[in-house]
Amino acid sequence: MTGTQASWNDQRIEQIIGVLLRVGVSLSAALVFAAGIAYLWQNHAVRVSYQQFHGEAAELTSVAGVVRGAASLDALALMQLGLLILIATPVARVLFAAFAFALEHDWLYVVVSLIVFAVLMATLTGWVV
């Protein structure tokens, strides 16, 4: 067994996946929480009207727009970014699993992981309803 194979055993992979999931969810929660407080602080005196629905601003409907808004510290964009991180966390987990299975030369599970990834991406991008 080579050094690479010895360091990538099942227990180590499970630990890394656990850390990946915890970090992703924690980062997302902290970002949404902090941005929510900033939003409430900035808009505490704004009177809300529930008579008419107002959708998201156009710049918050694309990943690029959210990133641009977050770079300028816009509270709504930061909340959206936190939600995007939350969505990306399990996607990253599936990609890491495919990588780990490839290191173990378990090609069946590499293919299964990549199929799951393709389904996730098709669903998230709107290719599949």
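Remember, predicted model here, so these are calculated numbers, not experimental data. Counting from 1, the numbers follow the sequence of the chain as shown.
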Between Val112 and Ile115, is there shared hydrophobic-cluster membership here, with clusters defined by ILVMFWY side-chain heavy atoms closer than 4.5 Å?
no
Mind checking side chain to side chain contact (heavy atoms under 4.5 Å, CB included) for Ala64 and listing every partner two or more places apart, or none if nothing turns up?
Ser62, Arg68
Which other residues end up in the same hydrophobic cluster as Val23, if Ile, Leu, Val, Met, Phe, Trp and Tyr are linked when side-chain heavy atoms come under 4.5 Å apart?
Val19
Tyr109 reachable from Phe117 in the ILVMFWY side-chain graph, under 4.5 Å edges
no
For Phe99, the ring-ring contact (aromatic ring centres under 6.0 Å, His included) test, sequence neighbours excluded, returns Trp8
Apart from Val25 itself, what residues make up its hydrophobic cluster when side-chain heavy atoms of I, L, V, M, F, W and Y under 4.5 Å apart count as a link, directly or indirectly?
Leu86
Sub-3.5 Å donor-acceptor pair from the side chain of Asn43 to the main-chain atoms of Val46, do we have one?
no
Expected list for residues 69-77: side-chain donor-acceptor pairs under 3.5 angstrom, two or more places apart:
| unit_1 | atom_1 | unit_2 | atom_2 | d |
| --- | --- | --- | --- | --- |
| Ser72 | OG | Gly69 | O | 2.9 |
| Asp74 | OD2 | Ala77 | N | 3.2 |

Trp41: which residues meet the ring-ring contact (aromatic ring centres under 6.0 Å, His included) condition with it, sequence neighbours left out?
none
Nearest-0.5 Å distance that lies between atom CD in Gln80 and atom CG in Leu60
5.5 Å
Is Leu124 close to Val91 at the side-chain level, that is, under 4.5 Å between some pair of heavy atoms?
yes
Run the ring-ring contact (aromatic ring centres under 6.0 Å, His included) test against Tyr39 and tell me which residues pass, sequence neighbours left out.
none
Which heavy atom in Ile16 sits nearest to a heavy atom in Phe96, and how many Å separate them?
CG2-CZ, 3.3 Å
How far apart are the closest heavy atoms of Ala35 and Met79, and which atoms are they?
CB-CG, 3.4 Å
To the nearest 0.5 Å, what is the distance between CG (Leu83) and CG (Leu78)?
11.0 Å
Test of understanding: with side chain to side chain contact (heavy atoms under 4.5 Å, CB included), list the residues that count as partners of Glu104, not counting sequence neighbours.
Asp10, Ile13, Phe101
Does Ile85 have any side chain to side chain contact (heavy atoms under 4.5 Å, CB included) partners at least two apart in sequence or in another chain, and if so, which?
Leu27, Ser28, Leu31, Leu81, Thr89
Consider only side-chain heavy atoms of I, L, V, M, F, W and Y, link residues closer than 4.5 Å, and tell whether Leu103 and Leu20 are in one cluster.
yes
Share the residues that join Phe33 in a hydrophobic cluster, the rule being Ile, Leu, Val, Met, Phe, Trp or Tyr side chains under 4.5 Å apart at the heavy-atom level.
Ile37
Go through the structure and list residues passing side chain to side chain contact (heavy atoms under 4.5 Å, CB included) with Ala102, not counting sequence neighbours.
Trp107, Val110
Hey, quick one: are Leu95 and Met121 part of the same hydrophobic cluster, counting side-chain heavy atoms closer than 4.5 Å, chains of contacts allowed?
yes
